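Computed from a prediction, not measured in an experiment: that's the story for all the values here. Residue numbers count from 1 along this sequence.
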Amino acid sequence: MTMILFESEGVRFNLRVGGVALSEGKALLQYTELDTFWVVPGGRVEMMEPATDALKREIAEELGVEVTVDRLSWTVENFFIYQGNRTHEIGLYFLINLPEVSALSNHEGILETTGEQGMKLFNQWHPVDDLDHLDIRPSFLRDALASPPDQPAHVVHLRE
């Protein structure tokens with residue numbers, strides 16, 4: 001399938017889904033071998049693919065587990081520069097539930113997994129009340145992960 005990603009007039013657009021996994025006051029965050037910042041696990045949506053299906057697919061590819069999707073927490077209009085490209089991203093961030101028994105359950109330290117095209121992914125649980133020192137993208141999540149909204153919230157996030 002084709003990912004929802006295109007470029008026009010020097011700007012890249014993509015549709016991304018992110019899975020917010022919370023457990024015992026901690027959030028599961030991830031970074032890739034190419035980046036120095038943390039994100040919630042997830043990825044791009046394919047054409048004609050419902051967002052929740054895309055999230056389940058991405059989590060299975062990246063973490064090797066099947067998750068259940070709880071609910072949408074944030075719809076994010078995210079504007080940033082990545083690898084020199086001006087980017088306009090629509091992000092759909094869902095609360096997810098990991099299986100009770102998996103390699104991620106109660107894992108201490110960094111768990112290395114492999115994503116698309118063999119890219120190394122580094123996954124770690126972080127206390128939600130101690131995220132100030134981390135470079136998390138989009139940065140609003142640094143505070144928002146401690147208290148996801150009861151109803152979906154719309155966020156416009158500008159970062160140059």
Side-chain angles (χ1 to χ4, degrees), residues 1-5 13-78 80 82 87 89-131 134-155 157:
M1 291 293 291
T2 302
M3 297 291 171
I4 299 176
L5 168 70
F13 173 86
N14 76 84
L15 177 59
R16 182 179 194 278
V17 288
V20 177
L22 302 171
S23 178
E24 299 178 6
K26 295 180 180 179
L28 182 63
L29 299 175
Q30 175 184 86
Y31 69 93
T32 74
E33 64 183 307
L34 302 177
D35 299 316
T36 59
F37 56 87
W38 295 90
V39 298
V40 296
R44 293 192 180 112
V45 178
E46 295 177 352
M47 297 294 275
M48 301 303 295
E49 181 181 38
T52 54
D53 291 353
L55 183 56
K56 290 176 186 178
R57 175 184 51 76
E58 285 288 342
I59 298 295
E61 290 172 1
E62 294 179 359
L63 302 177
V65 297
E66 290 186 29
V67 298
T68 56
V69 177
D70 186 359
R71 62 183 166 83
L72 179 66
S73 290
W74 297 281
T75 300
V76 182
E77 295 180 70
N78 196 7
F80 57 96
Y82 179 69
T87 304
E89 176 179 86
I90 301 298
L92 303 173
Y93 291 82
F94 294 86
L95 289 176
I96 61 172
N97 299 301
L98 296 170
E100 289 185 28
V101 178
S102 74
L104 294 166
S105 300
N106 303 313
H107 186 83
E108 296 293 327
I110 294 178
L111 176 65
E112 184 178 323
T113 59
T114 304
E116 294 176 53
Q117 301 164 338
M119 182 182 307
K120 291 181 185 176
L121 305 171
F122 305 94
N123 307 277
Q124 186 172 20
W125 292 97
H126 293 272
V128 295
D129 59 357
D130 188 30
L131 299 176
L134 294 179
D135 181 5
I136 300 175
R137 305 217 183 145
S139 61
F140 85 94
L141 288 172
R142 191 176 299 117
D143 294 325
L145 288 173
S147 183
D150 293 330
Q151 298 294 318
H154 174 235
V155 175
H157 185 265

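Heavy atoms from other residues, nucleotides or ligands lying under 6.0 Å from CD of Glu66 number 12 at most. Heavy atoms of other residues, nucleotides or ligands lying less than 6.0 angstrom from CE of Met1 number more than 12. Few gaps surround CD on Glu112; more than 12 heavy atoms of other groups in view lie less than 6.0 Å from it.
Ring pair His157/Phe140 is tilted by interplanar angle, where 30° to 60° counts as tilted.
Nearest heavy atoms, Pro148 versus Leu95: CG-CD2, 4.0 Å. Considering all non-hydrogen atoms of both residues, Leu28 and Pro41 come closest at O-CD, 3.6 Å. The nearest pair of heavy atoms linking Val69 to Thr52 is CG1-CG2, 3.9 Å. When all heavy atoms of Leu98 and Ala21 are compared, the closest pair comes out as CD1-CB, 4.0 Å. Leu63 and Gln30 make their closest contact through CD2-NE2, 3.9 Å (heavy atoms, listed as atom of the first residue, atom of the second, distance). For Phe37 against Tyr31, the heavy-atom pair with the smallest separation is O-CB, 3.0 Å.
Considering only heavy atoms from C-beta on, Thr114 stays 4.5 Å or farther from Met119 through its side chain. Val155 is not listed as a side-chain neighbour of Glu77, based on a closest heavy-atom distance of 4.5 Å or more. Leu145 has its side chain within reach of Val20: a pair of non-hydrogen atoms, C-beta onward, lies under 4.5 Å apart. Side-chain contact between Leu55 and Ile96 is present, with heavy atoms from C-beta onward closer than 4.5 Å. Proximity of Ile4 to Phe13: side-chain heavy atoms (C-beta onward) are separated by under 4.5 Å at one or more points. You'll find the side chain of Ser73 reaches within 4.5 Å of the side chain of Pro149, heavy atoms only.
To the nearest 0.5 Å, atoms CG (Leu5) and CE (Met47) are separated by 11.0 Å. Atom CG of Leu72 is separated from atom CD of Gln151 by 10.0 Å, given to the nearest 0.5 angstrom. Of the inter-residue distances, the one linking Asn97 atom CG with Thr68 atom OG1 reads 4.0 Å to the nearest 0.5 angstrom. Separation of atoms OH (Tyr93) and OG1 (Thr75) is listed at 10.5 Å; rounding is to 0.5 Å. Rounding to the nearest 0.5 angstrom, the gap separating the CZ atom in Arg16 from the CG atom in Leu92 is 10.5 Å. Expressed to the nearest 0.5 Å, how far CG of Leu121 lies from CG of Leu111 amounts to 10.0 Å.
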Kindly determine whether Val39 and Ile136 satisfy side-chain contact (heavy atoms from CB on, under 4.5 Å), including the steps that lead there. CA-CA 6 Å; Val39 298; Ile136 300 175; over 6 Å; no

Determine, step by step, whether Met3 and Val45 satisfy the side-chain contact (heavy atoms from CB on, under 4.5 Å) criterion, reporting the C-alpha distance in whole Å, the side-chain angles of both residues, the deciding distance to 0.1 Å, and the verdict. CA-CA 6 Å; Met3 297 291 171; Val45 178; over 6 Å; no

For the pair Phe122 and Leu29, evaluate side-chain contact (heavy atoms from CB on, under 4.5 Å) and give the outcome as yes or no after the intermediate values. CA-CA 8 Å; Phe122 305 94; Leu29 299 175; over 6 Å; no

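With sequence neighbours excluded, the residues satisfying salt bridge (charged side-chain N to carboxylate O under 4.0 Å, His left out) with Arg57 are Glu46, Glu49, Glu61. Listed by chain and number, the residues in a salt bridge (charged side-chain N to carboxylate O under 4.0 Å, His left out) with Arg137 are Asp135 (sequence neighbours excluded).
Between the Asn14 side chain and the Glu89 main chain, no donor and acceptor come within less than 3.5 Å of each other. Checked by atom type and distance alone, the side chain of Ser23 never pairs as donor or acceptor with a backbone atom of Lys26 at under 3.5 Å. Judged by distance alone, with hydrogens and angles left aside, the side-chain atoms of Trp38 form no donor-acceptor pair with the main-chain N or O of Gln124 at under 3.5 Å. For Thr113 (side chain) and Glu62 (main-chain N/O), a donor-acceptor pair under 3.5 Å exists by modelled atom type.
When ring centroids are compared, Phe94 and Trp74 stay outside the 6.0 Å threshold.
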